[in-house]
Chemist: 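Below are the structure tokens for one structure; questions will follow.
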Amino acid sequence: MSFGKGCHLHLIDGSAFIFRAYHALPPLTRKSDGLPIGAVSGFCNMLQRYVEGNTGGDVTHVAVIFDKGSHTFRNDLFPDYKANREAMPEDLRPQIPLTRRATEAFNIACKEVEGYEADDIIGTLAVKARDAGGRVTIISSDKDLMQLVGGGVEMLDAMKNRLIDVEGVEEKFGVGPERVVDVQALAGDSVDNVPGAPGIGIKTAALLINEYGDLDTLLARAEEIKQPKRRQTLIDHADQIRLSRQLVQLDCDTPLDFGLDDLEVRDPDPEILLGFLAEMEFRTLTKRIAEAMNAEPPEIDDTPAGAPEPEAPEMPEIAPEAYEHVRDMAALETWIERIRAKGHVAVDTETTSLNEMQAELVGISLAVEPGQACYIPLGHKGEGEGDLFGGAALAEGQLGLEEVLAALKPVLEDASVLKIGQNMKYDAKVLARYGIDIAPFDDTMLLSYALHAGLHGHGMDALSERYLNHSPIPIKSLLGTGKSAVTFDRVPVEAAVKYAAEDADITLRLWTLLKPQLHRAKVTRVYETLERPLVPVLAQMERHGIEVDRNVLSRMSGAFAQKMAQLEEEIHELAGRKFNVGSPKQLGEILFDEMGLDGGKRGKTGAYATGADVLEDLATEHALPARVLDWRQVSKLKSTYTDALQDHIDPETGRVHTSYMQAGASTGRLASSDPNLQNIPVRSEEGRRIREAFVAPKGRVLLSLDYSQIELRILAHVAGIDALKQAFREGQDIHAMTASEMFNVPMEEMTPEIRRQAKAINFGVIYGISGFGLARNLRIPRGEAQGFIDRYFERFPGIRAYMDDTVAFGKKHGYVETLFGRRIHTPEIGAKGPRAGFARRAAINAPIQGTAADVIRRAMIRMPAAIADLPAKMLLQVHDELLFEVEEGAAEKVIEAARDVMEGAAEPVVKLSVPLTVDAGQGANWAEAH
DNA sequence: GAGTTCACG
DNA sequence: GACGTACGTGAACTCA
């Protein structure tokens, strides 16, 4: 029957159904494999209720309409359109394709058009149906669709079961459907980030439109408005209002590759529908629908779930021989289809270098389910020695790099296909250099870190051994070690297939095991808000790098070399013979055996201790240890900084690119390596000069923003110490205030010495203070140190309570938590002996250090958006400091924006009872900026 | 490769 | 009563 008079079309807003279903239900997972299916379940229930409700009705045509693609013409008009939308929850994403399948299983037309919102398609279809003389019911509560109501089109809010007709629209907007866009254009929409006119809401907008007739007239005659403020707003924001109208106006000319006749109501095929429901393991729904259809409900097999903790879902053995070598485009296309059908894929890249800045892509491996993995070699060199110029020809059986990347790019960037990786930052950085922005993704390393920080490492080998009981093929077996090591492009393709595809397979298996545990462990939010979104931020910072002036370093190296030689000579003279000053063992023998100095204590290896503290004690009596201390300082600065940093300057960018380890430190801190830019000297005057080599390019400046006393502030908050909180609120000198409280010294009479002691105690508290430790730090007798601590606890009993509570919590649960829910495991807290002491102190420190780490992570994640419109780049993080490079004139603006983000970073999840404050500095180099 | 030392927060 | 102790990192060096 052709669509026309007497026909009734139902248009269901699929995305609205999905989100309703998702939020209405707890996070259900499929019993057999942990696949999240809560939204699918709710979606199917809603469809079923819909079908039941309309059986025997007058509906002749029906379709479920979905959004497709995240970029629409509205984004071209206004880049911030829907920009404040939160990212799709990660456990919803894999369910999207399943809702499409569900719709098809119900035998309901399921339609979407790339680059268009569902609303536009609904609008287009509604207009067509109306023009053909039929009736239309739009099943949605989206107010954007209300502009379509009238002339045989109405809306049904399925949740409230309320029909919205022209009167309903007037009630909501104060105008008829044909003027809804005008009102919306004025009022704006915070949900979709449509700007509208500031200060004007729906009420005022309706008033104005009703008075002037329509938006264009209103804007043309804006001068006539009586209220001065309103008048000015409309005049000032006329363009913005017109843009807003374009954004809310539905496009009722969406190009469609189907017609109304394709949407005719069809009965579902019981076998297909019940088959799908059984596959999803929806027992109740399967039974109910089977009854309704007079069909036999299929068996549902969800056996692997047996135990509530699915330890290891059934997986085939890991068999590297079975992996596929992809050698032609047809095979690649098949893999791409399988990926799309699955909705997720494990990806791993093989390259010529561990340094992502220089790594050339050699191959890509993919895995879609355990045991099913492939490797696509792209840049393997032939077996031979190569030509005279050292460049070997490409090996056989490889596809062209560009062709493969072009085929994979849509999948790797597709919002509905989840990419799974182990340490995805690496692959993302490599692929970024080939123009691929891999997203969305999961990272098994970060899953493990969110779940099990403090329990074990999170490298793939460790995870594979622990969870899969399988040792992956060692990379060394392919590349060799030491001088004879080769790069991955020299590995024969056949061996590379086994190794590389195995990595993807293992990654996929780890994901199937770890991902479902997030919810159970209640660390989903940690993973989603503190781990995953940080990856692209770090990748960007690493790619930026920081400019380092080689000449400054090299000059310093020369000066240090001279100084060292001079000191060495003096030291040998004082010792009476030559020896290796850099050898603690030889130094110990000289000091304590040959020179017979007191205080020689041997460590566990039998060697004398010659650490700085020991030498400092000796230095009061003798010249030699003092010289050695000087020598050590210079030697350290030269070898670790002025020499080594030069080797880290990237030849292509001329800058130094550190690498941040996100899952290294158990507390949630980052760690920087290759080179470590988190321990550039600052405490000594000579050392600080090294920071002069970290510079901004011409026309730019470096900008440093650091949290002031963030850990002490967090301590004041978590331990609930009113006196400390008060001091922070009033901006007092916290160490002086502590000293004043402890030693009953009025603030006016504070001496630097008393303040210094209080400062040491404040820090000691954060570290899990002990009398011995404080005594050593302050160089006072142990009894005196213990007296200080006792007095401190007496004055601030909340601190003692916090420490005791934290340790008790750690003992009970095996982990402690930050304010943001990050877990740090403390497996040794119940151990016997000194290990328990370590674990106790670590447990006391972890929530404080970890909360501070969480706060700056949150700031970093929000920073790119906050400075997007400013000529600024975030370059480095040093635990409580962020370093930026900005155009000279923009420094103040960037400071303002970045400070806002940093000071408000805890909110809205945590409302601290102390303010966070941020100090800022700027200059041509890091020494000046800090 | 373990142990020591020392740079940072 | 004796243990050995501040918390968290990474890099360079020596020495077995």
Side-chain angles (χ1 to χ4, degrees), chain A residues 453-454 579-588 601-615 628-629 631-645 647-648 658-661 664-684 686-688 690-691 706-712 715 760-778 782 785 789 803 816 824 826 832-850 852-853 856 876-881 926 930:
Chain A
F579 72 102
N580 184 350
V581 184
S583 166
K585 186 166 171 266
Q586 293 178 34
L587 176 67
K601 268 198 281 187
R602 293 178 188 271
K604 42 192 162 232
T605 54
Y608 288 114
T610 67
D613 48 347
V614 177
L615 297 188
V628 172
L629 281 169
W631 182 91
R632 281 201 182 150
Q633 190 194 19
V634 177
S635 160
K636 176 85 177 181
L637 294 178
K638 182 174 187 298
S639 66
T640 309
Y641 300 105
T642 57
D643 285 354
L645 269 176
D647 300 334
H648 281 285
T658 183
S659 178
Y660 287 103
M661 210 193 325
S666 59
T667 53
R669 272 196 179 179
L670 301 178
S672 156
S673 65
D674 308 294
N676 181 355
L677 296 186
Q678 289 181 321
N679 70 346
I680 303 301
V682 69
R683 291 174 188 168
S684 77
E686 301 93 313
R688 182 156 52 228
I690 289 173
R691 297 194 170 212
D706 69 290
Y707 284 108
S708 158
Q709 310 280 21
I710 186 168
E711 293 193 355
L712 275 176
L715 174 70
I761 299 167
N762 273 334
F763 278 106
V765 166
I766 293 175
Y767 298 149
I769 199 159
S770 76
F772 185 93
L774 184 66
R776 207 177 60 165
N777 191 279
L778 285 177
R782 193 171 159 177
I789 293 171
M803 292 173 122
V816 292
I824 296 105
T826 55
K832 286 265 178 280
R835 287 142 70 99
F838 277 112
R840 277 188 57 247
R841 292 192 298 271
I844 290 166
N845 173 258
I848 301 168
Q849 188 181 116
I856 196 165
L876 300 179
Q877 188 249 42
V878 191
H879 309 308
D880 62 0
E881 171 187 7
W926 198 359
H930 187 78

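Chain A is the first sequence line, chain B the second, and so forth, proteins listed ahead of strands; every chain is numbered from 1. The analysis underlying the following values was restricted to heavy atoms, covering all of them including side chains, and did not include hydrogens, waters or symmetry mates.
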Chemist: Rounded to the nearest 0.5 Å, how far apart are CG of Leu778(A) and CD1 of Ile761(A)?
Modeler: 6.5 Å
Chemist: What distance separates Arg688(A) CZ from His930(A) NE2, expressed to the nearest 0.5 Å?
Modeler: 8.0 Å
Chemist: Are Val614(A) and Tyr608(A) side-chain neighbours, meaning at least one heavy-atom pair lies under 4.5 Å?
Modeler: no
Chemist: May I ask you to say what Asp880(A) touches in the nucleic acid, namely base, sugar-phosphate or nothing, with a heavy-atom cut-off under 4.0 Å?
Modeler: sugar-phosphate
Chemist: Can you tell me how far the CG atom of Leu677(A) sits from the OH atom of Tyr641(A), to the nearest 0.5 Å?
Modeler: 9.5 Å
Chemist: With a non-hydrogen cut-off below 4.0 angstrom, is Ala785(A) in contact with a base, only sugar-phosphate, or nothing?
Modeler: nothing
Chemist: Would you tell me if any nitrogen or oxygen in the side chain of Arg841(A) comes within less than 4.0 Å of OP1 or OP2 on dC7(C)?
Modeler: yes
Chemist: Check every strand shown and say whether Ala852(A) touches a base, only sugar-phosphate, or nothing at a heavy-atom separation below 4.0 Å.
Modeler: nothing
Chemist: In whole angstrom, give me the gap between the C1' atoms of dA2(B) and dA6(C).
Modeler: 24 Å
Chemist: Quick one: Ile766(A) CD1 to dT5(C) P, roughly how many Å, whole number?
Modeler: 22 Å
Chemist: Measuring only the P atom in each nucleotide, how far is dG4(C) from dG3(B)? A whole number of Å is fine.
Modeler: 15 Å
Chemist: Taking Watson-Crick and G-U wobble pairs with both distances under 3.5 Å, convert DNA chain C into its dot-bracket string, 5' to 3', dots for unpaired and | for cross-strand pairs.
Modeler: ......|||||||||.
Chemist: Taking any heavy-atom pair under 4.0 Å as a contact, classify Ser770(A): base, sugar-phosphate, or nothing.
Modeler: base
Chemist: Assign Arg632(A) to base, sugar-phosphate, or nothing according to its heavy-atom contacts below 4.0 angstrom with the strands shown.
Modeler: sugar-phosphate
Chemist: So, for Gln849(A) and Thr667(A), which heavy atoms are closest and what is the spacing to 0.1 Å?
Modeler: OE1-OG1, 2.8 Å
Chemist: Which part of the nucleic acid does Glu711(A) contact within heavy-atom distance under 4.0 Å: base, sugar-phosphate only, or nothing?
Modeler: nothing
Chemist: For the C1' atoms, the ones on dT5(B) and on dA2(C), what distance do you get once it is rounded to whole angstrom?
Modeler: 28 Å
Chemist: Can you tell me the distance, in whole Å, between the CG atom of Leu715(A) and the P atom of dG8(C)?
Modeler: 16 Å
Chemist: For the atom pair CD (Gln877(A)) and CD (Gln678(A)), what is the distance rounded to the nearest 0.5 Å?
Modeler: 5.5 Å
Chemist: Need two values: the first and the last nucleotide of DNA chain B, 5' to 3', having an atom under 4.0 Å from any heavy-atom of chain A.
Modeler: dG3(B) to dG9(B)
Chemist: Give the rounded distance in Å between these two atoms: CD1 of Ile769(A) and C1' of dA6(C).
Modeler: 8 Å
Chemist: Is Gly837(A) touching bases, backbone alone, or none of the nucleic acid, heavy atoms closer than 4.0 Å?
Modeler: nothing
Chemist: To the nearest 0.5 Å, what is the distance between CG (Leu637(A)) and CG (Asp643(A))?
Modeler: 10.5 Å
Chemist: Can you check whether any acceptor in the base of dT5(C) is under 3.5 Å from a donor in the side chain of Arg782(A), or vice versa?
Modeler: yes
Chemist: When you compare the side chain of Leu712(A) with that of Leu715(A), does any pair of heavy atoms fall below 4.5 Å?
Modeler: yes
Chemist: Looking for any heavy atom pair under 4.0 Å, which part of the strands does Pro834(A) touch: base, sugar-phosphate only, or nothing?
Modeler: nothing
Chemist: Nearest-Å distance, CZ (Phe763(A)) to P (dG8(C))?
Modeler: 16 Å
Chemist: Take nucleotides 9-16 of chain C nucleotide by nucleotide from the 5' end and write B, S or -, depending on whether a protein heavy atom sits under 4.0 Å from the base, only from the sugar-phosphate, or from neither.
Modeler: SBBSSSSS
Chemist: From the options Lys585(A), Gln586(A), Arg632(A), select the one residue that forms a side-chain hydrogen bond (donor to acceptor under 3.5 Å, both in side chains) with Thr610(A).
Modeler: Arg632(A)
Chemist: Looking at CD1 of Ile789(A) and CD1 of Ile769(A), how far apart are the two atoms once the value is rounded to the nearest 0.5 Å?
Modeler: 4.0 Å
Chemist: With a 4.5 Å heavy-atom cut-off, do Asn845(A) and Ile766(A) have their side chains touching?
Modeler: yes
Chemist: When you measure from the centre of the six-membered ring of Phe838(A), is the NZ or CZ of Arg840(A) under 6.0 Å away and within 45° of the axis?
Modeler: no
